[in-house]
Every structure is written in structure tokens, then in C-alpha cells.
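Everything numeric here is computed off the predicted structure, so don't read it as measured data. In what follows, chains are A, B, ... by sequence order, proteins preceding strands, each numbered from 1.
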There are 2 protein chains.
Amino acid sequence: MANSSSDTSRKNVIELNDNKAGMTGIDKARISQIIEEASRGSKFYQRQQAKRQADAKRAEETRRKIDALSREALQAGERAGDAEIRRAVSAADFSRTHVHIDMDAFYAAVEMLDNPRLRHVPMAVGGNDMLSTSNYAARRFGVRAAMPGFIAKKLCPQLVIVPCRFRRYKEVSRQVQAVLADYDPQFSAASLDEAYLDITDHLANRQAINLLPGPKATSVAELRYRVFISSSLTASAGIGPNPMVAKIGSDFNKPNGQYRVAGSSDRVLEFIRQLPVRKVPGIGRVTEAWLNSLGVSTCRDLYEQRGALYHACRPLTYQFYMRACLGLSGGFGYGRNGPDRKSVSVERTFQATDSLTWLLDEKLPELCESLVRHLTKSGFLGRTVTIKLKLDTFEVLTRSHGLPSATDSVQAIQSAAAALLRQEFLPGRPAPRIRLLGVRVSSLTPRKAVIADCSSGVGSAGPKQARLDELLVRSTKTIAETSTKTNTTAAVCSSSSNETVSKSSTPVTSSTSENASKFNLVESTSVETKTSASSASESALSCPICSASQPGGLAGLNRHLDFCLSRSAIQTAVNDYSNDGSACFTPGSNSASSRKRIEAASSSGRPAGGSASGGGKRARIAADGRTGVGTI
Amino acid sequence: MANSSSDTSRKNVIELNDNKAGMTGIDKARISQIIEEASRGSKFYQRQQAKRQADAKRAEETRRKIDALSREALQAGERAGDAEIRRAVSAADFSRTHVHIDMDAFYAAVEMLDNPRLRHVPMAVGGNDMLSTSNYAARRFGVRAAMPGFIAKKLCPQLVIVPCRFRRYKEVSRQVQAVLADYDPQFSAASLDEAYLDITDHLANRQAINLLPGPKATSVAELRYRVFISSSLTASAGIGPNPMVAKIGSDFNKPNGQYRVAGSSDRVLEFIRQLPVRKVPGIGRVTEAWLNSLGVSTCRDLYEQRGALYHACRPLTYQFYMRACLGLSGGFGYGRNGPDRKSVSVERTFQATDSLTWLLDEKLPELCESLVRHLTKSGFLGRTVTIKLKLDTFEVLTRSHGLPSATDSVQAIQSAAAALLRQEFLPGRPAPRIRLLGVRVSSLTPRKAVIADCSSGVGSAGPKQARLDELLVRSTKTIAETSTKTNTTAAVCSSSSNETVSKSSTPVTSSTSENASKFNLVESTSVETKTSASSASESALSCPICSASQPGGLAGLNRHLDFCLSRSAIQTAVNDYSNDGSACFTPGSNSASSRKRIEAASSSGRPAGGSASGGGKRARIAADGRTGVGTI
DNA sequence: TCGCAAACA
DNA sequence: TACTTGTTTGCGA
DNA sequence: CAACAGAAC
DNA sequence: TACTGTTCTGTTG
Ligand SMILES: Nc1ncnc2c1ncn2[C@H]1C[C@H](O)[C@@H](COP(=O)(O)OP(=O)(O)OP(=O)(O)O)O1
Ligand SMILES: Nc1ncnc2c1ncn2[C@H]1C[C@H](O)[C@@H](COP(=O)(O)OP(=O)(O)OP(=O)(O)O)O1
Ligand SMILES: [Mg+2]
Ligand SMILES: [Mg+2]
Ligand SMILES: [Mg+2]
Ligand SMILES: [Mg+2]
């Protein structure tokens, strides 16, 4: 009778997520215990507990379902898996060289750069309520991204927390990306701190000029070196025949390291087989737990359990698993002009309230106005409006509605959102207590003729995704056979054909770095990004705008002239801005200068984890635009 | 050579402000020391230091100026003072009975009411970054309003801080005010937690009905008792012949006490003479220090130093001092339809930034849109736009500009504000680092014909300010003569004709409270203020709005109908709202019900302190609408 | 009219 | 980590 | 299409 | 005191 999910209680409800570079070999149990104690009894904790229960239940259901499978069903599953694998392999292309670059402890590294006192202490970026990331010293204490600051302090009382300066990181990101563009002008930025490159052409050009014909890894080390020279920050890199292995590789020797998986099916399999499924991007905490409970821990297990798995998930997910265990999963790096953005949203956490009036009169307008600024700036109209509510229990609800036509009007969006919100405060039920309100618009269509183009800075050309369609059969067996262990400790350089570059205090490119400047590099190391004071220089012109006579005497009149000049300049700029939607809007009449660059739309495009409900960690910020963790 | 202002260093830069009920007899020096240590070295601290220096310098200048005065000048000053006093006294009216009611530890008391666990511990309302107020237990530790939470924690590690719930306090405030209205329908609310009443008429009516002819203090005790019955909160009261002494009196026996100054010139003087000048509303920390340095500590000193003082300040301020030392200062309670509001402003603190772009594109629009919501809601147009900047050094700047005509358009206000902001980022200077941006509009004129009237709930009639113009001479001597010490320890009830009501756990009105309901009381004790779920009941009507055909089948269509109904209801409501500007906007088509009441415009109207530059305490909040301390 | 500083809740 | 927000007043230029 | 959940940075 | 904000994807009904 006793439901087996009832003994979830023996495990910690909130456990340290140590799936991050720099967190190996730490005392996970002790740290988890501290986290648990700091949270126990809170509403957040209770919600986590409920989610974990649901996870366990779902896993149990899946297990039951699998146990009930007939031998025939299992074999059918395996056949389906083999077919999937055949298709994936036949579409695979091992001829190109993909690189994934990921900055080390990015926000934290920037802060350490700007403030030397932070360099030798455990520190994190964020606020008391939520951290965006931590440096590697702090990670030794269990302090990491998405952890509340006040808990981090319990793990590490000496921890120094510094507030988030998103725009600064964006500046630095631009410097880094300027280097990347030299290796692949079409590189695809997945976030401020990471990007996918296809350096095949770059390598070819290199060879053509007959310079530095060394191994691919050398070029990448050089790239990292140049990033360091340009930004004073270290990056890690993964190199492989497709973006997936490149991505995994970039984490392999973090920080300040790189790892290469050679461009052959065998080498890829050798690398991937032994990896815990959690390393596969797209398999997160919940899916990992779900898979583990089905006896799947490593990617090899994914293959071996393919018969059962087939019956445990939907076809698309199954395809994802099969490709993942081959190291061939797709959907990572898009081209620079990758797919248009699909939604724009704004959400904010606040003191929980049950006042519909306040939500409608104060919060919703703020959100909608902010949303429309973003929407307008990005040059889209939206047709679907979704509101998001987080209750004070941390449960999340969404409600959406399709408008008759696409819009970017505050009026339209706000009234739709308001209607949705009001539906949640109907007379019968007790008013919900809301701790977060969000508004999203989707079903986007580009506004007007010319879409706002923010990307004109670096490069432009077409898509670049390594396509995973038709190709050859073979390797099905290869997986089942090769089961030798590969050296994962990353020490000896090129001990196998999968190469490792060891970590030193700065990236070393032997002699390569000397010649780096021979490639068509713009010496754009220190991009001047403070657009602040620009465009005020037009105050020399004279202009009668305000028309009305101005009291205030001599100096007063002069001041007024300056003022109106300045005001008209702004009008001009505002128009420019709404018309071209530039991300890096520099106000003023003397535009034309100022570098514009795309804001790196975060796109990963991998399938979501299984079908489990499972956990998740959320946290609060501490302030308006104060110390928050947000991206704007 | 050594400037005398250089030895300011011996005193604490940031000193505990213990000028608050519940903070007498605490170890100010020790507490100040802790505060000092918690702050030392911070930018905030440095700014305070600079201000204190400036204070000291100005005081020194004043002292020098006074020392240089001739005997004739001093005598002329005294004559001017005497004239001022003659005028004030001749205008004085001791025939009416004014009452000032002030809730005890208001926000904190509400929280203690709502959460019994807080009742017996030191607690405060606010966030880690700033407290709005504290309960009396916390005050024993030096914890008080306008103190950052993290410093409060050092003073009192057990302190419990609970977030601010402004709307809840507003609800409670309405309950309290409903009681006050029975004693003076024209009462003037100075803030959520305090009000001025003129109960002369009430007392007359009482006597007319021949009920409870007891002393005035009894009526007030009864009032406080009724407040307690209605709200479960205690209030303190001051009773006197004018609002000034009433105001001072309400603090005299706080918490849960009252004090009466009888309505004669002698009694008022007896009361006022011995008071530290700091007790006079309008004399704050800086002015106190300035006066002290001139040898003026008590109100009597104000009189005695009137000759010198005359030469140390401007006529208006001098008049204020002279009236203050008579206990006759004016400008306190207005009538319910007191003067229209003079400005509307919004300001926000954030992580300091030097990015003009961000300020212009993100923050300024937010502020302006929020501002215009308030402006619209209050039914005004404004002609003057002022921006406020706080630098990361905590220096504050304001820049303003008069528009050609009054407006409430976001466009107009924002572009003016933007122009002003841009002026602070001119090419020459280094970009300032801004930690706070604010926008204010002033020179208000009521919008359209009918001004939005939110006050129709309680009472309506005209102004009520006790006027302090022409009257009789006399008391000049009276002051100089009576110098006996009056009992300030407030224990024995009516030991003099200045009455004290001792504190008990609830206000005691002997038998009075029994008869209270015989006065024309609405039994409006529990005003239902949750306007939340109203107006959703119209979803029974059918309505084709969206016109376009809706996909989604049967239930889908029904849902869509509900939606559009709801949406149209909102439209209606929004229109209502912008047309009548009601403060207590209840959305929905079925309006007509729902009590409306004025939002108690905070008006005090006393002269500003001296002319020194001097100190001030500022602090940060922690979040958006999160834990903040703000009034909206 | 503008900028600053003080005051209060 | 971290020192508010909204409104009014007076002084001095 | 709408709601939910997982994932990533 | 206190557990984020933005975007995308897949599953389920
Ligand atoms: N959960 C999160 N919430 C908000 N911001 C985040 C979150 N995770 C990461 N970020 C921000 C801060 C990071 O510095 C930046 C890049 O993320 P990521 O590359 O995953 O980590 P990292 O660069 O800080 O460390 P590393 O890559 O060395 O593990 O994105
Ligand atoms: N500096 C401030 N900043 C923000 N809000 C404040 C500030 N001071 C007071 N408040 C709010 C919280 C208070 O409860 C409320 C009433 O103020 P006030 O009457 O002066 O103190 P109080 O009612 O908390 O204690 P008491 O009146 O018993 O001394 O106004
Ligand atoms: Mg990184
Ligand atoms: Mg990254
Ligand atoms: Mg009070
Ligand atoms: Mg008060």
C-alpha cells in the first residue's frame, strides 16, 4: 500500500548542483546539508519538495511502464533506435571544424578585472538574494550561479558579493566577439559569454597563405590568446566536428583550457560514450534524475537502453537521445542571421500581493510599457499575449490569448494582459497571492518592410548549422563495441588524437601569437563603448524651438537656447531609434559614428528534457535595476 | 591659522538621531559608535562628513557675524523680535481646541497586529537596506526609521525585519480616519498615521446634547479608545489651543498616551519654554545644531537670543522662531480640501551607472510613464519639469525647465527630462555616475473643468487653519518672567492644568466609551477595501467584440467570449478612470458602489530649517516594489 | 525662475 | 550586498 | 492554441 | 530580509 514515493524524504530536497566547472571534488553532501538547513520550512522549500515528489512519482510510473514491456516491444524499440541512429549518422558531417568558446566565470572575471582586490578572494556577482555567477575560488565552497547570496554566505562567510553590471559585461563581450569574428565572421553568439564558430574556412585560408599549418588546436589556442590580449579575460574552448561536441568540449578543461575531439565517428563516440548524460546540453537536473532512475547514467547507457527508452518518451525526444549518444545532436549554433526571435517578455518579482488593483494599475502598465520598448526596439509586432504569474507558493501559471492582429501597442497588449489577469481574480475563489507578474508577446512578425538590423557590425552572411540529414550507416556496431576508457584528466597534450591544452595563467600559443596580427585583424582591441557624452556637441548651433518668450534675463535665455537645442536633438534621435531599432542607440543628431553590434540572441534550440515534471531552482532579486541579476 | 572646523573629527560623523518617542535613556554614545563603525569609509559616510563640515563652517560664520554685532544692532534685533511677538500674540486664538492624533509605530503596529509572533520581539518594517519604522522594543536598541536594516542588525541581532505593505497600512489608515471624522468631519490628514482635528464644535455639540460634559481630555481619550476598538491599534494625542502645541503634545506621552496644553497664553508658554528647540516641528537636526552653536537650546533661548538671532536669519525664518517660542507657530493642519498639491514626482535608486544611454532608454521612460500615471490619476497638468540626480557620491542635483504650456503627456515630459539629463553628460566633463534618477512636475493646474474629487467619502467643507494674524500685545514680558521648571515626566493626571493620560495597555475612557455610539457614528468599523474581485461578475452577458472568428472548438469559443467580455469591461473601467481620476479606482463596469476616500495629501507647511548646508541620512531600498519603503 | 538644502512621514 | 521615497518650504542667486 | 515544465546563461 | 530574468523547446490536452 505504502506508495514508494513516500521515502523521498531521505534525500535532500534541495541539493547542490555541482554540474559545473570548478566544482568537482567538493564535499557535496556537507554543502547540500547546509543549503537544506538554510531553506527548510520556507515556501520555496515546500514548493521544491512538492516538485521532487512529482518527479519521483513520474519516474516510478515510467519504470512501471517499462517493466511491463514485452520482449517484442523492447526489440521494436531497439529497431526504432537503430533506424534513428542510422539516419543521424548518415547525415553526419565530420569534415568541418566547429569551435565553442565560453568565457570563464564571465561576469565574475570582469569584476575581478576591474577591481584587483577581488582577484584573490572567493567572490560572486549578484545580490543578497540571487547570484548570477561566482569565481572559481567561490565554487570550491559550493557557491555558484542561481544560488541566493544569503545562502552562499553560509557556505562561505568570507564571500564577497559584488553587484551585477550587465552593460559592462556587454561591452567586454563586444571586445571578445571582435576577436571571434576574425576566425569566423559568421560566428553565432549563444549568449554574452559564448559563441559557436565554424573555423573550417579560416583553417583553409591559413593553409592557403601557408602560414601556421599546425594542428587545429593551435589556431584555437591562438584565438584564446588573442581574446586574452584583447580583454584580459580567459576563455575555454571546445573543438569538434559539430557544435554539440564542441560545446561539451569547452567545459571539459575549464577554466582557461580547451579540448578537441577529432573529426571522426570513432573519436566522437570514444569521447561521448563515457560522459554522464547530464553533460549533454538539453539534459538537465530533472531529466538526469529521470534517466538515472531508468538505469541510464552515461551516454552509452542511452544507447544500450534504447529499446526501453523508446517507449518512455516521445519520438522527438527519442531522436534527441539517440543523436546525443552519438555526439551528433543538432540545433546549436545558428548563423549570425539565425532564426528571428520568437518572443519578447518582461517579468518582475515583488512583495507578494493579492491586490488586483495594484497589479492592474501599477505593475502591469510598467511591464507592458517596458515590454513594448523592447518589442519596438527589436522591430517586431506580436499577436499572442501571455501573462505569467508566480504565486507566493512559487507555483507558476501562464495564461495567453491570441489577438486578432499583430501589434506593438501598449494599449492593446496591456488591455489583453489585464483581461487575462482579471480572470484569475474571479469572485468565487479567494484572491491569489502573486509574487511575480510577467508579460510575453509571441507569434512575432517583423514590423514594416525593413526589419531593424542590429547586426551590421561584424559580419552578415547566411546560416551555418551543420546539417544532420542523409548520410551513411555503419557505426551502430561501433558504439556497442568500443568500450575502452579514455583519459579524462586532461594533462598530456595530444595523448590521444583528442587534444588537450593544459591550463597556464594565460593562454599559451607558443610562437603562434606572434604572427597573429598578420591575419586581417582590425586593431580593434579597445573599442570605445561609452556612448555617453556623444552628440551633445551640437549645442553650438542656434535654434528657436520653444517659440514662447523666455523670462530669466541674459544667462537664462542662453541656457534656454541650449536646452531647446538639446531637446530637438533628442527628438531626432528618438525617431532614428524607433525607425531602425538599433540595439546600441546613441542619442544625438551627429549619429553615423558609434559602432553597432548585435545583442547575441540566446538560442540553443535543443529539445527539452524528458517528460518529467521535476524540480528547478528559482530565486529573488533585491532591487529594481539595483543589484538584480536581470539582463537589462 | 588652523581652521576651527578641522576639529569636527572628534565627534561622530553619523550620530544616532534619538529625537523620537521611545528612544530616551538609551546609550546614545555606544550606539552612535556602532553606527559609525558600520559606515566608516563608505561613500555615504564620506558625503555625511562633508556635510557636517559645511554645517560647522556655516555655524562658525554665523557665530562670527553675531560676535561682531554692536549693542545697538542687538537691541534693534530685540525690538524686531518684540514686534514679531506682539503681532503673533495679538493674532492668537486660545478659544478653540485642536487635537493632533498620531498612531504609535504605525507600520510596525500593523504588522504586529497581523502577525502575533512579532508582538513581543524587536522588529522593524522595511528591508535590509532601509527601514521605514521600528516598534518600541527595537527602539531601545537604537533601531529606528530611516536606518538601513543591515546597520539595525548590528545594533540588534535579534531584530526581525518584515517587508513593507503600504497598501495594507492605507487600509488601516482608512479605518482610523473613519473614527476621526466623527470628531471633526473636516479633519486634516497629514499622513497615513496622523491628523489634525479641531474638536471645538464637537465639544459644543456634546455639551448641547448634555452628554459627557467632562474635560476635553476625556473626549480625546474616548476618541483614542474608539480608534483602538476599530483598528486594534493605539494612537497618541496632543490637545491644545493650536495645531502646533497639539502636534508637540502628541509626541509627549507616546506611545498610547496623550497630553493637553490648556488654552491660555500662560499655559502654552509654560509648556513650550522648557522644550528643546528640536521638538518644534520644522526645526530638524541641522537647524538644531546650528542654534545650539549659537547658544540656543530651548525655546526659551530662542526668545532670549532674539536680538542676535534677528541678524542670523531671514525675516520669515525669524518670524517662525518667534512664533515657535510662543507656541503659536502656524501652517499645520489644513482643511480637508486644503491647498491643491503642488508637485508630483517619482524617483528611483539603482546600481550607479554612467550610461546615459541606459538612463535615457530604460530608466527615464519608466519614471515618466509612472509619473504620468500619477499625474493623470490626480487630475493635474504640469508646466515645470525637474529632474533629480543623485551621484554615486550621494551629492544631489536638480535641473528644471518650464514648458510653454501645462501638460500631462509622457512624450512632452520625457523629452524635456531627457534634454535636461543630456545636459549633464556634455563632452567636456567626465560622465557622472548616477545612483538615482527622479522626475518631478510642478506648476500644476487642474485638468479640464471638474477636478478629480476623491474626497467625497467622509466630509467636504471648507478650510480650517487657525490663522495667526493681527491680535493683541502683552505676553512679551510673560516669557521673560516665568522661568520655573514644569514637570515633563508626565505621570500624575492633571497635576497642573496641563493634563496627562497615563499609558495602559489599551486606552481607557472610563465610562465614556459606553456612550460613544450615541454620537452619530456610522458603524463603519470594517471597511471592505479589497476591490480585487469586483466587476468580474459581468461575465454572464454575451458580447461579440473581437469580431474575428475564433478557432478552438466549443470550450475554446466560450473561453474567448469570457475573455472579450472581460476585456471590454476593462476598457470601460480605464475610461472611467482617466475621466474622473478617482484615487480608489475599482475596475469593472458595475461601478457606482465602492467607497471612495481621499489619499491624505501629506502637507505640513512649516518653514524649512535654517540656511545651513548640513547633514541628512539617506539609504537604499532593496527592490522594485519588493521590500521597498516607498509610498506607492 | 532655478538650484540647493532642510524637514517630515 | 547594502544608506528610500514623495512632498513641501525657504534662501540666495 | 493554451498550459505546463525543463533547460540554458 | 531574502530563492532572478529572458528565451526557447517539447509534451499534453
Ligand atoms: N542562472 C543564471 N541567472 C542569471 N545569469 C546567469 C545564470 N547563469 C549564468 N549567468 C550569467 C553569468 C555568467 O557569468 C554568464 C555566463 O554563464 P556561464 O558561461 O554558464 O558561466 P560562467 O561563465 O560564469 O562560468 P563558467 O563558464 O566558467 O562555468 O551568464
Ligand atoms: N523616514 C521615513 N521614510 C519612510 N517612511 C517613513 C519614514 N518615517 C516614517 N515613515 C512611515 C512609517 C511610520 O510608521 C509612519 C508614521 O511615521 P511616524 O508617526 O513618524 O512614526 P511611527 O508612527 O512609526 O512611530 P511613532 O509615531 O510612534 O513615533 O510613516
Ligand atoms: Mg562561461
Ligand atoms: Mg556560457
Ligand atoms: Mg506615528
Ligand atoms: Mg506620524
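- Of the listed nucleotides (C:dA9, F:dT6, C:dA7), F:dT6 has the atom at the smallest distance from the side chain of A:Val346.
- The nearest whole Å value for the distance from the CD1 atom in A:Ile283 to the C1' atom in F:dG10 is 14 Å.
- Distance from the side chain of A:Pro163 is smallest to D:dA2 among F:dT7, C:dA7, D:dA2.
- Residue A:Arg58 has no polar side-chain atom (N or O) positioned under 4.0 Å from OP1 or OP2 of F:dT11.
- Residue A:Thr398 places at least one side-chain N or O closer than 4.0 Å to OP1 or OP2 of E:dC4.
- To the nearest angstrom, C1' of F:dT9 lies 12 Å from CZ of A:Phe332.
- Closest approach to the A:Gln351 side chain among C:dA5, E:dA2, F:dA2 is made by F:dA2 (side chain taken as heavy atoms from C-beta onward).
- Look at A:Arg278 and you'll find a side-chain N or O under 4.0 angstrom from OP1 or OP2 of E:dA8.
- When the C1' atom of F:dG5 is taken as reference, atom OH of A:Tyr107 falls 10 Å away, rounded to whole Å.
- Distances were taken from every side-chain heavy atom of B:Arg314 (C-beta onward) to each of F:dT7, D:dC11, D:dT5; the shortest belongs to D:dC11.
- OP1 and OP2 of D:dT7 both lie 4.0 Å or more from every side-chain N or O belonging to B:Arg440.
- For A:Lys247 and E:dA8, the shortest distance from a side-chain N or O to OP1 or OP2 is not below 4.0 Å.
- Checking E:dC4, E:dC9, D:dT8 against every side-chain atom of A:Arg399, the shortest atom distance belongs to E:dC4.
- Each of A:Asp193 and A:Arg47 lies near DNA chain E, and the nucleotide nearest A:Arg47 is the one positioned closer to the 5' end.
- Between A:Phe350 atom CZ and F:dA2 atom C1' the separation is 16 Å, expressed in whole Å.
- Within the 4.5 Å cutoff, the side chain of A:Glu424 has heavy atoms near those of the A:Arg399 side chain.
- Across all strands, A:Leu131 comes closer than 4.0 Å to no nucleic acid atom at all (heavy-atom distances).
- A:Arg383 places a side-chain N or O within 3.5 Å of a backbone atom of A:Leu403 that can act as its donor or acceptor partner.
- For B:Arg383, counting side-chain heavy atoms from C-beta on, the closest listed nucleotide (C:dT1, D:dT7, E:dC4) is C:dT1.
- Where B:Ser443 and B:Leu397 meet DNA chain C, the nucleotide closest to each residue was compared, and B:Ser443 sits on the side nearer the 5' end.
- B:Ser132 and B:Ala145 get closest at one heavy-atom pair: O-CB, 3.0 Å.
- A close approach under 4.0 Å does not occur between any side-chain nitrogen or oxygen of A:Ser132 and OP1 or OP2 of E:dC9.
- When every heavy atom of A:Ala352 is checked against every heavy atom of A:Asp392, the shortest pair comes out as CB-CB, 3.8 Å.
- Listed nucleotides: F:dT6, D:dG6, F:dT9. Nearest to the side chain of A:Glu347: F:dT6.
- When distances are taken from the side chain of B:Thr384 to each of C:dC8, D:dT7, C:dC2, the shortest belongs to C:dC2.
- Of the candidate nucleotides F:dG5, F:dT11, F:dC8, F:dT11 has the atom lying nearest to any side-chain atom of A:Leu316.
- With rounding to whole Å, B:Phe394 atom CZ is found 9 Å from D:dA2 atom C1'.
- With F:dA2, C:dG3, C:dC4 as the choices, the nucleotide that has an atom nearest any side-chain atom of B:Ser400 turns out to be C:dG3.
- Atom CG of B:Leu371 and atom P of D:dT5 are 15 Å apart (whole Å).
- Judged by distance alone, the side chain of B:Ser173 and the main-chain N or O of B:Leu192 form a donor-acceptor pair under 3.5 Å.
- Note on B:Ser39: a base of the nucleic acid sits closer than 4.0 angstrom, heavy atoms only.
- Here the closest non-hydrogen pair linking B:Arg278 and B:Arg285 is NE-N, 3.5 Å.
- Using bins of under 30°, 30° to 60° and over 60° for the plane-to-plane angle, the ring pair A:Phe394/A:Phe44 lands in the perpendicular bin.
- Note on A:Ser345: a side-chain N or O is less than 4.0 Å away from OP1 or OP2 of F:dT7.
- The residue A:Thr386 sits apart from the nucleic acid: no heavy atom pair falls under 4.0 Å.
- Between A:Thr349 and F:dG5 there is a side-chain polar atom (N or O) within less than 4.0 angstrom of OP1 or OP2.
- Here B:Lys153 lies in heavy-atom contact (under 4.0 Å) with a base.
- B:Phe320 places its CZ atom 10 Å from the P atom of C:dA7, with the value rounded to the nearest Å.
- The side chain of B:Ser343 contributes an N or O atom lying less than 4.0 Å from OP1 or OP2 of D:dT8.
- Per the geometry, CD belonging to A:Glu424 stands 9 Å off P belonging to E:dA3, to the nearest Å.
- Heavy-atom contacts from other residues, nucleotides or ligands closer than 6.0 Å to NZ of A:Lys153 number more than 12.
- Applying the 4.0 Å criterion to OP1 and OP2 of C:dA9, one finds that B:Lys20 has every side-chain N and O outside that range.
- Phosphate proximity of E:dA7 to A:Thr287: present, with a side-chain N or O under 4.0 Å from OP1 or OP2.
- Looking at B:Asn128, its side chain comes within 3.5 Å of the base of D:dA2 through a donor and an acceptor atom.
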